[in-house]
Every structure is written in C-alpha cells, then in structure tokens.
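Take a look at the structure below.
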Amino acid sequence: MSTTPHRSRPPRVVAARSPEPASAPPSGEQRRPGGERHSTVERFALGLFIVVPFLALLAAVPLAWGWGVSWLDLALLTVCYFVTCHGITVGFHRHFTHGAFKAGRRTRIALAVAGSMALEGPLVRWVADHRRHHRHSDAPGDPHSPWRYGESVPALLKGLWWAHTGWMFDAERTCARTYAPDLLDDPVLSRISRRFGLWATVSLTTPALVGGLATWSWQGALTAFFWGSLVRVALLHHVTWSINSLCHAVGKRPFRSRDRSANVWWLAVLSCGESWHNLHHADPTCARHGVDRLQLDSSARLIRLLELAGWVWDVRWPRGSRLDARRVPPTGAGTGPRNRREGEPVETA
Ligand SMILES: [Zn+2]
Ligand SMILES: [Zn+2]
C-alpha cells in the first residue's frame, strides 16, 4: 500500500509533458489539515469493502455448481447490478461529472442514490476524483493513470495495479471544493453524499431481505446476500476499475484524445457502455460513448428513454461533424499510442 504523495515521484513517461497552465485549478493532491486525507479507519473500511466482495467472487464459481444458487439469486444479482451500474454511468459519470444532460430534481436524487448503492464511494468524492482524472489524464495529478510508473512492462504492471485498486488507498484525497463545488453547494446532493453509509447498508441488505421473504428461509436470505450483494458489488467494482486501468492501457484509439484512453469492446455490456473510453476522453460531455455501429451503450439507451419520458433534457447527443473532427485520420499523424493534440486547451467536462 503506497502512501507516497504522487508528486514526489513523477513518472518517467509523463515527465516531458508541458507544465500545467497558469490558469489551471490547483492540483488535488494538496494537503489540507482536517479533512483532505483519508483516515486509517476510512482506509480499513475501504479495504473491507474491496476484499470481502472479492473473496465472495472467488468463492462464487465453486458454489454455483452446488447448492448455493437459485434463479432468484441470479435475478437479484442482475437487477441490482444494472440498477447500480447505471446509477454510476448515467448518474455519477455522464450527468453529475460531465453535465451530458439536464435533469429534474427527482431524477437527480434517484440517480445519486442509485449510484451511491454501487458502493464506489460518496457522490462528491467520486465526481471530484473523476474530474481530476480528466483534468490531468495520464499526466502528473491523474489519480489513477496506469502509466504512473513508466512504460516498461514491470512499470506498466505496477501501474495497472495502481490504476485498478491501489490509488484508492492513497492517503491524499482530491480537494472536493476545487473539483466539485457545484455538488457541495447543493444541499440535497451533498446530504445524499454524506449519507453514503446509509445507501451502502440499503444496497447490501435489500437482496437478503427480498431473498429471505420470498423463500421464507434463512438459507434464501444468505444465498441472496451472497449473490445479490457480495458477488454483485465485487463484479461491478472490478468492471468499473477496469475502465481506469485497462481502458487506459490496451484497446483501439479511433479518436484523438490527450491521453492513452482506448475502446475495449468486450467490456461494453458489463460496463453499460463506459468502455468506449477513447471516444469519451475525445468528447467528454457527449451523452453517448458507443457512437459507432454495433457499439453497445445501454447508458445512452437509458438516457434516451428518460428523455422520451421528459425527465431529462438538453441531452448532448453526438453530432457527425463534431465526431469527424475528432477522428484519427486513416493514415498519417495521430495514430500513435498517445493521440494528444499538443497545445489544445484542456477540456475538463
Ligand atoms: Zn479515463
Ligand atoms: Zn469521464
């Protein structure tokens, strides 16, 4: 577990990048006494949230062959997985972080609660970390770049671990006042964010309650908790974290971005469309990430349904000319591993 501040050990791969513009907001690694560092208790709780579901996931396959799974358990796993995953992708990510569409107050509350139930941390912290990721993607200041330690194979393997899980144990915390002032100043949303423990409890206990009541047995409650809570949380954690790690290391890069973001097709269904990550970094406010033919993006479908229902509006759907301007030409410049257009202003949202 590394607690070394990011800045003290600049990675070789990003050392040559241009310095941060004078107008840029201060980096999130600033130490501020009394609230900008994770406490030991917080990090212990974080470890529990990560390790216990992961152990459950490891135990899940042998159990699936035996007595320990029912159709109800699988249904709970699937429903809870996709409800909370879309809470993250449509809510935390596309709406609250990037403003890809506008939404009414009830819809915003529902999205904030659904995302909180994914157990990926409180809303304000998630959004602050992710805006900082876009502000500094694959450069010093990025909270979870897999290129942090360099480009050699051992450095990349270490970086992938860091981007996948290790970064969350860093004692330094992104400054929420710098990166998510809009959410902090919204009394309802900041209250939902502060009550993360409540949403985590609801998320973990609901499957057990449903399983227990439906089968009227402790065994039904136990297996529903195992599959609908532990396995579901572990699976979603690792899919989400793969966007931070794998989708900045491997995959196709049809669009120009300032970093190493890439499209990873085989994660599209489980990530609800988020693994079209190269397009996302090329056009962060776009409501659809899978913009090309056969690129599944269930989050975009859900946003469209919400738009048809009148619950969201001003959706930033992809436009042909905007996409074409961002495409890598079939031949020539821009096809390297880093498709960064030097000298461009940095777009954070
Ligand atoms: Zn990214
Ligand atoms: Zn993003």
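Ligands are counted one by one from 1 in listed order, and the atoms in each one are counted from 1 as well.
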Side-chain ion pair, Asp297 and Arg94, N-O less than 4.0 Å: yes
Rest of the hydrophobic cluster containing Leu213 (Ile/Leu/Val/Met/Phe/Trp/Tyr, side-chain heavy atoms under 4.5 Å)? Leu209, Trp216
Using ring centroids (six-membered ring only for Trp), state whether His289 and His281 fall under 6.0 Å. no
Once you measure the plane-to-plane angle for His280 and His93, does it fall in the parallel (<30°), tilted (30-60°) or perpendicular (>60°) bin? perpendicular
For the Zn ion (ligand 1), what is the closest N, O or S atom on His277? NE2
Asp283 bridged to Arg256 by N-O distance under 4.0 Å: no
Hey, does the Lys NZ or Arg CZ of Arg260 hover above the aromatic six-ring of Trp147, less than 6.0 Å from the centre and inside 45° of the axis? yes
Excluding waters, which protein N, O or S atoms are within less than 2.8 Å of the Zn ion (ligand 2)? His93 NE2, His98 NE2, His130 NE2, His134 NE2, His280 NE2
